[in-house]
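Remarks on the structure that follows.
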There are 2 protein chains.
Amino acid sequence: MYQAHPALRQPVTAADRVLQEIQRAIVDGDIAAGSKISEPELARRFDLSRAPLREALARLERCHLIERIPNAGARVVTLSTAGLLALYQLRENLEGLACKLAAEHMTDAEITEVRQLLDQHLSSQRVREGESYYQEAGDLDFHYRVILGSKNSYLINILCDELYYLVRMYRVQLGMNGPRVSRAFDEHKAIINAIANRDGELADLLMRRHIAASRRNIELQLEQMGT
Amino acid sequence: MYQAHPALRQPVTAADRVLQEIQRAIVDGDIAAGSKISEPELARRFDLSRAPLREALARLERCHLIERIPNAGARVVTLSTAGLLALYQLRENLEGLACKLAAEHMTDAEITEVRQLLDQHLSSQRVREGESYYQEAGDLDFHYRVILGSKNSYLINILCDELYYLVRMYRVQLGMNGPRVSRAFDEHKAIINAIANRDGELADLLMRRHIAASRRNIELQLEQMGT
DNA sequence: AAAGCATAAATTGTCGACAATATGCGCCTA
DNA sequence: TAGGCGCATATTGTCGACAATTTATGCTTT
């Protein structure tokens, strides 16, 4: 298997654990978007002191799930069309770059692994039709692999640590359980093929289109909710 | 004047103040690259407790100036050719994107301000020839304005908060006091002209070239030191 | 009754001490 | 003498309490 990125490492400290719990809670909407974060309340709820909690809050701010104001506290971010657009504008560019670099730096073994992954996801998806979690996880896994394949630590950090939780939050809370499933699989296939052919330019282009399509999909959902 | 980005806001808390001090110390090399960070030592040195210090360390990690390992402590990052390349690869892309977006979103007033800024820097640079600080600051200021002009908060955050201190660290510690000064000014002029003409594609291209030139300049310096 | 101010409550920021973990040293063994 | 084990030391992680700041409340004033 591939070496897990620090972002995926298992929690060793209390702050790590509570971070993961709160992260999941925010992404899944258990802690409502826009709601105020109360340190004393969360400390009681997770049964630890404020020190590790504040450490966790600092990292939540880092991945844009909360916004803090000095002496005034923190709030969960609110989702908006403008925010989604800004986020995906960036993603298109960064993941495009990641593809270009992956075409240069991924080993043949890594490429083979990703292909196996895709086949695996496809079959498990056929078996469990409709269960969107697997699509969600599978899609993320594909993107993770390509990003890691870029071998650029700064790029990896930004995409996997700082932007992806927010991306997931949009998808989960807007109920993106995927009519786009099979199309996405085909697009993934095309991207890994371009990378395998060491055609960075094409891989870049395909990834940008792939993400743009995904963005339009979510925008549509947002509009429907707005009206 | 333009609204300062959160990154530039004045410190209100003790953690903010010590962060700025340590940030400067690391960027300027007063705290050596690669050296270990001792929390008790820094706490004594800046005469505060470890709580705000740890808050500051969390943010230093965020802008890639230190690397922390759970239960083992933090080290100042080490500079390397590979790291420089990865950093500038990203910068070329992100600031290119910033230019493209700035061409769409900057107001005429903001563009006028940047032009005044350039003229101002040019004259003050002529007056104080050789004093590289002004070039350094001026260059940063120009880039900041364009980035802010993109109006994409995620992009602004990444470039201004998370990558620029490291960029400065490379420039300062490798003694980039600028034979490239006048050429950089011309390039800045060309970029703002493209933005003024609402030619995002050209602005993108010019910025990428501008940063690539800057990177080659630093690479040269790194090679000279290595041999 | 609405606006403004003073006070009270609650929240965030900071502190010093303790617990858990990692680092360094000396000793033992081969 | 080199390598490994065990203990002493030092550092990081966590805790509970206090200080500083903000937010909420209620009173006064026009």
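A, B, ... follow the sequence lines: proteins, then strands. Residue 1 opens every chain.
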Please list, chain by chain and in numerical order, all residues satisfying salt bridge (Lys or Arg N to Asp or Glu O under 4.0 Å) with [X], sequence neighbours excluded.
X        : answer
A:Asp108 : A:Arg198
A:Arg17  : none
B:Glu92  : B:Arg215

d([atom1], [X]; [atom2], [N]) in whole Å:
X       : N      : atom1 : atom2 : result
A:Glu55 : C:dT12 : CD    : C1'   : 17 Å
A:Leu19 : D:dG13 : CG    : C1'   : 15 Å
A:Ile69 : C:dG13 : CD1   : P     : 11 Å
B:Arg68 : D:dT11 : CZ    : C1'   : 13 Å
B:Phe46 : C:dT14 : CZ    : P     : 15 Å

Open item on the list: Out of the candidates A:Glu39, A:Glu55, A:Glu41, only one should pair with A:Arg50 under the salt bridge (Lys or Arg N to Asp or Glu O under 4.0 Å) rule; please name it.
Closed with: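 Only one of A:Glu39, A:Glu55, A:Glu41 forms a salt bridge (Lys or Arg N to Asp or Glu O under 4.0 Å) with A:Arg50, namely A:Glu39.
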
Set of residues satisfying ring pair (Phe, Tyr, Trp, His ring centres under 6.0 Å) with respect to [X], sequence neighbours excluded:
X        : value
B:Phe142 : B:His188
A:Tyr170 : none
A:His64  : B:Tyr154

Under a 4.0 Å threshold between the charged nitrogen and the carboxylate oxygen, would [Y] count as salt-bridged to [X]?
X        : Y        : value
B:Arg115 : B:Asp119 : no
A:Lys100 : A:Glu104 : no
A:Arg59  : A:Asp161 : no
A:Glu21  : A:Arg45  : no

Task: Counterpart residues, side chain to side chain donor-acceptor pair (under 3.5 Å), relative to A:Arg24 (two or more places apart) - done: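 A:Arg24 satisfies side chain to side chain donor-acceptor pair (under 3.5 Å) with A:Asp28, A:Asp30 once adjacent residues are dropped.
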
- [ ] Name every residue in residues 34-44 of chain A that has at least one heavy atom under 4.0 Å from any atom of DNA chain C, in order of residue number, or write none if there are no such residues.
- [x]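 Here the set is A:Lys36, A:Ile37, A:Glu39, A:Pro40.
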
Open item on the list: Once ring pair (Phe, Tyr, Trp, His ring centres under 6.0 Å) is applied, what residue pairs with a partner in residues 17-39 of chain B remain, sequence neighbours excluded?
Closed with: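 Listed once each, the pairs would be none.
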
Where do N or O atoms of nucleotides 19-24 of chain D meet protein N or O atoms at under 3.5 Å, pair by pair?
none

Any protein N or O atoms within reach of nucleotides 15-17 of chain D? Criterion: under 3.5 Å, listing atom names and distances.
| from | atom 1 | to | atom 2 | distance (Å) |
| --- | --- | --- | --- | --- |
| D:dC15 | OP2 | A:Ser49 | N | 2.8 |
| D:dC15 | OP2 | A:Ser49 | OG | 3.2 |

Open item on the list: So, OP1 or OP2 of D:dT12: does either fall under 4.0 Å of a side-chain N or O from A:Thr13?
Closed with: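 For D:dT12, OP1/OP2 do not have a side-chain N/O of A:Thr13 under 4.0 Å.
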
Task: Bend angle of the helix from C:dA1-D:dT30 to C:dA30-D:dT1, end axes from five pairs each (to 10°) - done: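 End axes: 10° apart.
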
